Q: 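Just passing along the structure, written as structure tokens.
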Amino acid sequence: MQTCSVDPESRTRALEAFREPDESRDGVLEKFVRLASQALGIPGCFISIVDDEFQYIRAARNFSLRHSTREDSLCRYVIDNETPMVVSDTLLDARFVKHKFVVGEPYIRFYAGVPLKSRNGHILGTLCVTDGEPHLLSAEQLTALTLLAALVISFLEAWHSAGFTDPVTGLPNRQRLIRDLQYLATGGDNLPRRLVLIDCIDMPRAYELARSMGMGPVEGLLKDVATLLPLRLRLGPGDLLYTVATGRFALLVSESSGLSAARVADRMEGISADLGEGLSVTLTTFTGEVNFTAVALPAQEILRRGLSALHEAIGSGVPTRTFSAAEDVRRTRDFTLMHELASALQRDEGLYLAYQPKICLQTGAPVGLEALIRWRHPVLGELSPSAFVPLAEQTELLHDMNAWVIDRAIARLARLRNHCIQLPVSVNVSLHDFARPGFADLLEDKMLKVRLPTSLLGVECLETERLIESPAAMRGLEMLKLRGFGISLDDFGTGYSNISYLRRMPLDVIKLDRSLISGLSSDTASRIIARNIITMLKELDYVVLAEGIESADVAGMLSEYGCDQAQGYFYAKPLPDRELDAWLNWKLRNKCS
Ligand code: C2E
Ligand code: MG
Ligand code: MG
């Protein structure tokens, strides 16, 4: 379905498109003007677009005027009467004898103009020949001018529809939406309006379909949806529908219309579209809306906000979202931060590792170090991992970041070895890394290069639940174990409560989360829980490490319950390089032969 037919302002929109200069289009119009002048043997010729106020000359030959009011234009007679007008000698015509363009520049003495009439009957301007001398125009000449005008309007319409219509759905396209919004703004429109973005086709799936069936059915699907949409949504006469990207639509309505994003999602529920050959697919619809007044926001910004809301809905798996400025600020800030993280990693600027010692509860001696990433941001200052790791986890950047951490940690191990200190260092690695084929081999190569045994590098894994559900990650973990890397389960005791999974994972160390430890000094229940968990884990033969030890009392209790190792501010905070050297020197003094 074409929205042109429901668009009451199609004349205005076409005028809006034509009256603005456009180099390539006007280049063709210049050729028409030259042809008309030569064919009729009249020196002056021009093509004008006339709206309710002005005349815009878009192409001209031997005619100096470029712009005038509609009132002043001779063309308005052609347009008002919707017929050609020939004035052989303006000085002999009472209407024009005193006309400003006759008695002054450009001194029109002869004028013949024919209307440029669009397919849907709107007169958009004129094709005219003119001269400073009087002429007689033969019937053949007038016919030639009329035929040329028909060619000109055909060209203009083709130009307009190619540039502003989606070729597959036949709906107005994104450029047209932008233009319409700009048009509203220039017209001073301050009515509250709403733009609803609609995503109802799973494009990756559609392209998968195209792989086996070709593009035909996919285009059929897009067309089908474009036909179904106006019917399902029950569009009113002022509601405009666009195709803004493949499989994505936009609805421009006034805010008072009942068509909110939620209503759209509601009306689209359960809808299925035809693929041809008896196949149909059920569509899942996501919508995002932005409320605005055209005068207050640039057109591109309105569309960006609509898209942002749509992506918010898709990202959170809910049918609909309304644009929120606060959310948008946060997203933009996150996006900037990730951009900065990418460049910090690339330039190796501002990121560093802090190492938190792991202590043997029996002897008080260090038994290992955990590498924790830190970022000294040029503007925001010191950032803890919680400010950027969860964001990086949502992007490909996490791989780069983890690779950076692993390289630094291995370099640190090599330096420790050079100072005859043999302390394993563990890194926090995400599921995506385990799941990568060849991850264990890569780590082994890196260790071999600096001639270090794999047992000195440990990995701490989070996201237990997702890990055990991913066969690739579980395989990756097995490979790490086979290669001799130490494997710890981080944050035990948070989230996932079913612990039968433990037997399926090749684990060496279980790290009890700080939340299990924090209540130990104050409440009995916490003590009972911690004691039983430790007993159980010890019976299963794991090394048990408690995180977040902040006092001697708690360290004592844990030691009593049979816990093996501890980490926490009581022993040491995570230490940057130089502080780590000092701490180790102090802790391990006299140990180096
Ligand atoms: P995690 O691996 O469980 O690390 C322990 C966190 O507890 C660290 O926070 C550490 O500074 C903090 N902590 C240690 N002892 C105490 C204590 O006694 N009291 C209290 N209140 N806190 C203590 P941090 O460095 O902010 O790291 C937070 C999380 O960020 C880490 O939890 C880890 O999941 C993640 N992370 C840190 N570095 C990296 C990294 O290089 N890569 C990845 N993928 N994640 C990392
Ligand atoms: Mg950890
Ligand atoms: Mg932890």
Side-chain angles (χ1 to χ4, degrees), residues 338 341 344-345 350-359 361 366 368-377 381-412 424-436 439 443 457-464 466-467 473 486-496 507-521 543-555 558 563 565-576 579-580 583:
M338 285 305 99
L341 179 61
L345 281 165
L351 293 163
Y352 66 98
L353 290 182
Y355 298 87
Q356 189 173 39
K358 299 175 181 179
I359 307 294
L361 275 166
L369 301 166
E370 176 178 8
L372 294 158
I373 195 164
R374 299 283 179 270
W375 184 7
R376 197 167 298 129
H377 188 279
E382 286 290 337
L383 293 182
S384 81
S386 59
F388 60 94
V389 173
L391 292 176
E393 265 166 357
Q394 295 163 23
T395 72
E396 279 296 304
L397 260 186
L398 189 76
H399 289 306
D400 298 344
M401 192 193 85
N402 283 342
W404 184 92
V405 171
I406 289 165
D407 287 344
R408 284 314 115 120
I410 293 176
R412 190 44 154 136
V425 172
S426 62
V427 289
N428 293 281
V429 184
S430 72
L431 179 104
H432 301 286
D433 285 305
F434 295 139
R436 271 193 164 179
F439 180 64
L443 245 60
L457 188 66
V459 294
E460 299 197 3
C461 37
L462 300 149
E463 306 177 278
T464 319
R466 286 178 56 210
L467 211 148
I487 300 177
S488 309
L489 184 67
D490 210 345
D491 299 350
F492 182 83
T494 55
Y496 203 50
L507 301 169
D508 301 303
V509 181
I510 309 279
K511 298 185 74 172
L512 304 184
D513 190 68
R514 200 167 69 226
S515 57
L516 280 179
I517 311 300
S518 56
L520 284 191
S521 53
V543 171
V544 182
L545 181 150
E547 294 186 287
I549 312 305
E550 294 183 352
S551 70
D553 292 359
V554 172
L558 287 164
C563 184
Q565 303 174 354
Q567 225 179 321
Y569 295 171
F570 172 62
Y571 301 102
K573 289 202 161 181
L575 306 165
E579 287 176 40
L580 175 68
W583 189 87

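Order of appearance sets the numbers: ligands from 1, and atoms from 1 within every ligand. Predicted, not measured: the structure shown is a model, and the values here were computed from it.
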Q: Can you find a non-hydrogen atom of Gly548 under 4.0 Å from ligand 1?
A: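 Yes.
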Q: Atom CG of Leu516 and atom CD of Glu547: how far apart are they, to the nearest 0.5 Å?
A: 10.0 Å
Q: Please confirm whether Arg374 approaches ligand 1 to less than 4.0 Å, judged on its heavy atoms.
A: yes
Q: Quick check on contacts: which atoms of ligand 1 are under 4.0 angstrom from a heavy atom of Asn402?
A: 42 (N), 43 (C), 44 (N)
Q: Closest non-hydrogen protein atom to atom 34 (O) of ligand 1, residue and atom name please, with distance?
A: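 For atom 34 (O) of ligand 1, the nearest protein heavy atom is Leu462 CD1, 3.5 Å.
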Q: Would you name the heavy atoms of Met401 and Phe388 that are closest together and state the gap between them?
A: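 Answer, listing the atom of Met401 first, then Phe388: SD-CE1, 4.1 Å.
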Q: Please write down residue, atom name and distance for the protein heavy atom closest to atom 41 (O) of ligand 1.
A: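 Looking only at protein heavy atoms, the one closest to atom 41 (O) of ligand 1 is Val405 CG2, 3.4 Å.
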Q: Considering heavy atoms of the protein only, find what lies nearest to atom 38 (N) of ligand 1 and give residue, atom and distance to 0.1 Å.
A: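 Looking at atom 38 (N) of ligand 1, the protein heavy atom closest to it is Ile373 N, 3.1 Å.
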Q: If you measure every N/O of Gln567 against every N/O of ligand 1, is any gap under 3.5 Å?
A: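 No; the residue has no nitrogen or oxygen that sits under 3.5 Å from a nitrogen or oxygen of the ligand.
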Q: What pair of heavy atoms forms the shortest contact from Pro366 to Ile359, and how long is it?
A: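 For Pro366 versus Ile359, the nearest heavy atoms are CA-CD1, 4.1 Å.
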Q: Nearest 0.5 angstrom please: Asp513 CG to Thr494 OG1, how far?
A: 5.0 Å
Q: For ligand 1, which part of Arg514 has a heavy atom less than 4.0 Å away: the side chain, the backbone, both, or neither?
A: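 Just the side chain.
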Q: For atom 27 (O) of ligand 1, is the nearest protein heavy atom under 4.0 Å away?
A: yes
Q: Between Leu545 and Ser488, is a side chain to side chain contact (heavy atoms under 4.5 Å, CB included) present by the stated rule, with each step listed?
A: CA-CA 9 Å; Leu545 181 150; Ser488 309; over 6 Å; no
Q: Which residue holds the protein heavy atom closest to atom 16 (C) of ligand 1, what is that atom called, and what is the gap in Å?
A: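 Here the nearest protein heavy atom works out to Tyr569 CE2, 3.2 Å.
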Q: Using 2.8 Å as the cut-off, note every protein N, O or S atom close to the Mg ion (ligand 2).
A: Glu370 OE2, Asn428 OD1, Glu460 OE1, Asp490 OD2
Q: Let me know which of His377, Arg376, Arg374 forms a side chain to side chain donor-acceptor pair (under 3.5 Å) with Glu382.
A: Arg376
Q: Measure across Leu361 and Tyr571 and return the closest heavy-atom pair with its distance rounded to 0.1 Å.
A: CD2-OH, 3.4 Å
Q: Below 4.0 angstrom from a heavy atom of Gly568, which ligand 1 atoms are there? Numbered from 1 as shown, please.
A: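 Answer, ordered by atom number: 15 (N), 18 (O).
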Q: Examine the proximity of ligand 1 to Leu372 and report which part, side chain or backbone, both or neither, has a heavy atom under 4.0 Å away.
A: both
Q: Between CZ of Phe439 and CG of Asp433, what distance do you get to the nearest 0.5 Å?
A: 4.5 Å
Q: Restricting to non-hydrogen atoms, name the atom on Arg412 and the atom on Leu580 that form the minimum distance, rounded to 0.1 Å.
A: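 The answer is NH2-CD2, 3.2 Å.
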Q: Have a look at Val429 and tell me which of Val459, Leu398, Leu443 forms a side chain to side chain contact (heavy atoms under 4.5 Å, CB included) with it.
A: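 Of all the options given, the one that passes is Val459.
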Q: Scan Lys511, Lys358, Glu370, Gln356 and name whichever one has a side chain to side chain donor-acceptor pair (under 3.5 Å) with Ser426.
A: Lys358
Q: Using a strict cut-off of less than 4.0 Å between a Lys/Arg side-chain nitrogen and an Asp/Glu carboxylate oxygen, indicate whether Glu579 and Lys573 qualify as a salt bridge.
A: no
Q: Restricting to non-hydrogen atoms, name the atom on Trp583 and the atom on Pro357 that form the minimum distance, rounded to 0.1 Å.
A: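 Closest approach of Trp583 to Pro357, heavy atoms only: CH2-CB, 3.4 Å.
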Q: Identify, by atom number and element, the atoms of ligand 1 in contact range of Gln356, meaning under 4.0 Å from any of its heavy atoms.
A: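 Those of ligand 1 that fall under 4.0 Å from Gln356 are 14 (C), 15 (N).
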Q: Quick one: does atom 6 (C) of ligand 1 have a protein heavy atom under 4.0 Å from it?
A: no
Q: Would you call Pro574 a ligand 1 contact, heavy-atom distance under 4.0 Å?
A: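 Yes; Pro574 lies near enough to ligand 1 that a heavy-atom distance drops under 4.0 Å.
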Q: With a cut-off of 4.0 Å, which atoms of ligand 1 are near a heavy atom of Ile549?
A: 18 (O)
Q: If you have a sec, work out which protein heavy atom is nearest atom 24 (P) of ligand 1 and how many Å separate them, to one decimal?
A: Pro385 CG, 3.7 Å
Q: For ligand 1 and Glu393, I'd like to know whether there is a polar contact (N/O to N/O, distance under 3.5 Å).
A: no
Q: Could you tell me the separation between the CZ atom of Arg408 and the CG atom of Leu351, rounded to the nearest 0.5 Å?
A: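 One gets 9.0 Å once the value is rounded to the nearest 0.5 Å.
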Q: Identify, for atom 45 (N) of ligand 1, the protein heavy atom at the shortest distance, and state residue, atom and that distance.
A: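 Here the nearest protein heavy atom works out to Asn428 CB, 3.6 Å.
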Q: For ligand 1, which atoms have a heavy atom of Glu370 less than 4.0 angstrom away?
A: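 Heavy-atom distances to Glu370 below 4.0 Å select 1 (P), 2 (O), 4 (O).
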Q: Note the single closest protein heavy atom to atom 20 (C) of ligand 1, along with its residue, its atom name and the distance in Å.
A: Glu550 OE2, 3.3 Å
Q: Apply the side chain to side chain contact (heavy atoms under 4.5 Å, CB included) test between Val427 and each candidate in Leu372, Val405, Ile410; give the one that qualifies.
A: Val405
Q: Side chain, backbone, both or neither: which part of Lys511 comes within less than 4.0 Å of ligand 1 when only heavy atoms are counted?
A: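 Neither part.
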Q: For ligand 1, indicate whether the residue Asp513 contacts it via side chain, backbone, both or neither (heavy-atom separation under 4.0 Å).
A: neither
Q: For atom 1 (P) of ligand 1, what is the nearest protein heavy atom, given as residue, atom name and distance?
A: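 Ranked first by proximity to atom 1 (P) of ligand 1 is Asp490 OD2, 3.7 Å.
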Q: Please confirm whether Lys573 approaches ligand 1 to less than 4.0 Å, judged on its heavy atoms.
A: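 Distance cut 4.0 Å: Lys573 fails for ligand 1.
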Q: Mark whether atom 32 (O) of ligand 1 lies under 4.0 angstrom from at least one protein heavy atom.
A: no
Q: Report the C-alpha distance between Ile373 and Leu353 in whole Å, list the side-chain angles of each, state the deciding distance to 0.1 Å, and finish with yes or no for side chain to side chain contact (heavy atoms under 4.5 Å, CB included).
A: CA-CA 5 Å; Ile373 195 164; Leu353 290 182; 4.2 Å; yes
Q: Suppose I only count heavy atoms of Val389 and a 4.0 Å limit; which atoms of ligand 1 are within that range?
A: 45 (N)
Q: Using a 4.0 Å heavy-atom cut-off, say whether Val427 meets ligand 1 through its side chain, its backbone, both or neither.
A: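 Looking at Val427 and ligand 1, no heavy atom falls under 4.0 Å.
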Q: As an exercise, state the distance from CZ of Phe434 to CD1 of Ile487, rounded to the nearest 0.5 Å.
A: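 One gets 7.0 Å once the value is rounded to the nearest 0.5 Å.
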Q: Mind listing the closest non-hydrogen atom pair of Ile517 and Ala546 along with its distance?
A: CD1-CB, 3.8 Å
Q: Examine the proximity of ligand 1 to Val429 and report which part, side chain or backbone, both or neither, has a heavy atom under 4.0 Å away.
A: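 Contact part for Val429 vs ligand 1: neither.
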Q: Do Asp553 and Ser551 meet the criterion of a side-chain donor-acceptor pair at a distance under 3.5 Å?
A: no
Q: Rounded to the nearest 0.5 Å, what separation is found between the CD1 atom of Ile406 and the CG atom of Leu457?
A: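 If I round to the nearest 0.5 Å, the distance is 7.0 Å.
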